[in-house]
Amino acid sequence: MLATNYRGKRRIRVDRDAPIPTIQHPQDAIIKVTRTCICGSDLHLYNGNVPDTRVGSIFGHEFVGTVADIGPDVTNIKVGDQVIVPFNIACGECIFCEQELYSSCHESNAQSTALSGIFGYSHLAGGHQGGQAEYVRVPYANVGPMVIPENMDLDDAVLLTDILPTGYQAAEMGGIQKGDTVVVFGAGPVGIMAAKCAWLFGAGRVIVIDKEEYRLDFVKKYADCEVYNFLSIEDPVKFIKQITDWVGADVCIDAVGAEAAGDALQTITGRKLLLQAGSATALEWAINSVKKGGIVSVVGVYGPTGNLVPIGNVVNKGITIRAGQASVKRLLPRLIKHVQDGIINPKELITHRIPLEEAADAYRMFSDKLDYMIKPVLIP
C-alpha cells in the first residue's frame, strides 16, 4: 500500500509497498483511508522537534475512511461503514476514559504518565502507525470510531478528527464569559477554529496574532475577528494591554506550541539547540498578556521536558492555566450537530487537496508556508 515514511528531519517519502496492517487484537478495525490531513502538529515531527520520532514511522493522526475489516469483539461498527476516527486512542474503560478524559487514556500508551496513544505521533505517544496511508489499524474500535452521518461531506468529517475539536476545546478551556476579550496566538488551522469557536461561548471581542499576512487575512474573514501581525508590533504584550485599557485580555489561547517565532532566545534554545521543549514564545506572551485572574488555554504542542516560561507572573497575577489534547470523542456529538446545522463549516479551511503520492511535496509546502496553504488534505 501507499504510506508516508519518515526518514529523518525534514525528510518524508511515500512508500508504494508498505505492508497492509492486519487485525492484531479482537477489538481492532482496519480502516481504508479516504481522507487524511497534514496537521501543524505533524510539522513538529517533520522538523525534528519531538523526541523519539523514529525512522520508518507512518505519520497522520487526522483521517476518515471505510471499515475494511473488524476483529471478533467489535460490535459498534461494521464492514462498509464510513467513520470518523478521533486522533487520540482511548480504551473506554480506564479511570480517565470513565471521566471522558480520552486524551489521557491510561491503557493506549501504557509506558507514559502524560498522554494517551495518538495515531502516527512518535513513540512518545505509543508508537502507533498513522493514517497517511491507504489503510490503518485502529485499536479499541468499539470506542473511538464514529459513523459519519449520511449527509456529511468527507471534507467536513476529516476536520472533526482533530482541528475542529481542538479549536473548540481551546475556547471551552478558556472559560469564556459573555463579553470577554479573547486573544488567540497563532492563525494556523487550530487558531482559526479557536477564534471561530470563541464566539460560540459568548466572546465580545476576538483578536488573533500571527506573522503571516495570508493566514491573518483568512482568519479575519472566516472568524470575523481582529487581526494583528506581530512583526509590525514592537512589543505584542504591551500592544495587547494598550488595546484592552491596560487591563489585559480576559482569555489568551496558545494555539502555536513548540515552533513559535517572535523571540530570539526562545527560538535559539527551543528550536535550534533543543535545550527546552520547543520555543514557548506564544505561551510567554499569553501569560504576560492576560489580565490578573485571567485564563490561559494551551493547545499548542510541546515536548515532554521543561520550557522557559514566566511562572512567577502566573502566580503573582493569579492566572489559571488550562491545557490538554482535545478529548475528541466527548465533543463529537455536539460538533457534528454544529456542522449539520451550519453553525461551523470546517471544510472551508481546506485550501489544498493533494494525492497521497505527493505527500513529500505537501509537507515541504506546508512547513515553508508556500502557496498560501492553510490546510492540506491528502487523498489516497
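Residue numbers start at 1 and run along the sequence shown.
Nearest approach of Ser297 to Gly174, heavy atoms of both residues: CB-N, 4.1 Å. For Gly60 against Asp42, the heavy-atom pair with the smallest separation is N-OD1, 4.2 Å. Contact between Asp263 and Thr281 at its shortest, heavy atoms only, is CB-OG1, 3.4 Å. Considering all non-hydrogen atoms of both residues, Val14 and Leu2 come closest at CG1-CD2, 4.0 Å. Closest non-hydrogen pair, Ala261 versus Lys211, comes out as CB-CE, 3.8 Å.
No side-chain donor-acceptor contact under 3.5 Å links Gln27 and Asp73. Glu150 and Gln82 are not linked by any side-chain donor-acceptor pair at a separation below 3.5 angstrom, with hydrogens and angles left out of the test. Thr161 and Glu62 form no side-chain donor-acceptor contact under 3.5 Å, judged by distance and modelled atom types alone. Judged purely by distance below 3.5 Å, without hydrogens or angles, the side chains of Asn313 and Asn288 pair a donor atom with an acceptor atom. When only modelled atom types and interatomic distance are considered, Asp250 and Gln177 share no side-chain donor-acceptor pair under 3.5 Å. Side-chain contact, Tyr363 with Gln132: a donor N or O sits under 3.5 Å from an acceptor N or O. Looking at Arg13 and Tyr6, their side chains never bring a donor and an acceptor atom within 3.5 Å of each other. Side-chain contact of Arg10 with Ser367: a donor-acceptor pair under 3.5 Å is present, judged by distance alone. Asn88 and Tyr121 are not linked by any side-chain donor-acceptor pair at a separation below 3.5 angstrom, with hydrogens and angles left out of the test.
Evaluated for a side-chain contact (heavy atoms from CB on, under 4.5 Å) with Val219, the options Ile192, Asp224, Val184 yield exactly one hit, Ile192.
Judged purely by atom type and a 3.5 angstrom limit, Lys329 has no side-chain atom pairing as donor or acceptor with the backbone of Pro145. With hydrogens and angles disregarded, a donor-acceptor distance shorter than 3.5 Å links the side chain of Asp28 to the backbone of His25. Under a 3.5 Å cut-off, the side chain of Ser108 and the backbone N or O of Gly117 do form a donor-acceptor pair. At least one donor-acceptor pair under 3.5 Å links the side chain of Asp156 to the backbone N or O of Lys347. Side-chain atoms of Gln266 never come within 3.5 Å of backbone atoms of Gly262 as a donor-acceptor pair (strictly under, hydrogens ignored).
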ask   = When you look at Asp155 and Arg353, which way does the salt bridge (Lys or Arg N to Asp or Glu O under 4.0 Å) test go after all the steps?
value = CA-CA 10 Å; Asp155 286 348; Arg353 293 170 177 82; 2.8 Å; yes

inquiry  = Under the criterion side chain to side chain contact (heavy atoms under 4.5 Å, CB included), I'd like the reasoning laid out for Ser122 against Leu45: C-alpha separation, chi angles, the key distance, then a yes or no.
reply    = CA-CA 8 Å; Ser122 86; Leu45 302 171; 4.1 Å; yes

inquiry  = One pair to check against side chain to side chain donor-acceptor pair (under 3.5 Å): Tyr372 and Arg215. What are the steps and the verdict?
reply    = CA-CA 8 Å; Tyr372 306 108; Arg215 302 207 307 187; over 6 Å; no

message = Using the rule given for salt bridge (Lys or Arg N to Asp or Glu O under 4.0 Å), can you reason through Glu348 versus Lys196, listing the C-alpha separation, both sets of side-chain angles and the distance that settles it, and then say yes or no?
response = CA-CA 12 Å; Glu348 291 182 3; Lys196 181 77 169 180; over 6 Å; no

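Note on ring orientation: taking the six-membered ring where Trp is involved, the planes of Phe63 and Phe119 are perpendicular (angle over 60°, cut-offs 30° and 60°).
Residues Glu172 and Arg334 are paired through a salt bridge, judged by an N-O separation under 4.0 Å between the basic side chain and the carboxylate.
Taking the six-membered ring for Trp, Tyr102 and Tyr140 have ring centres at least 6.0 Å apart.
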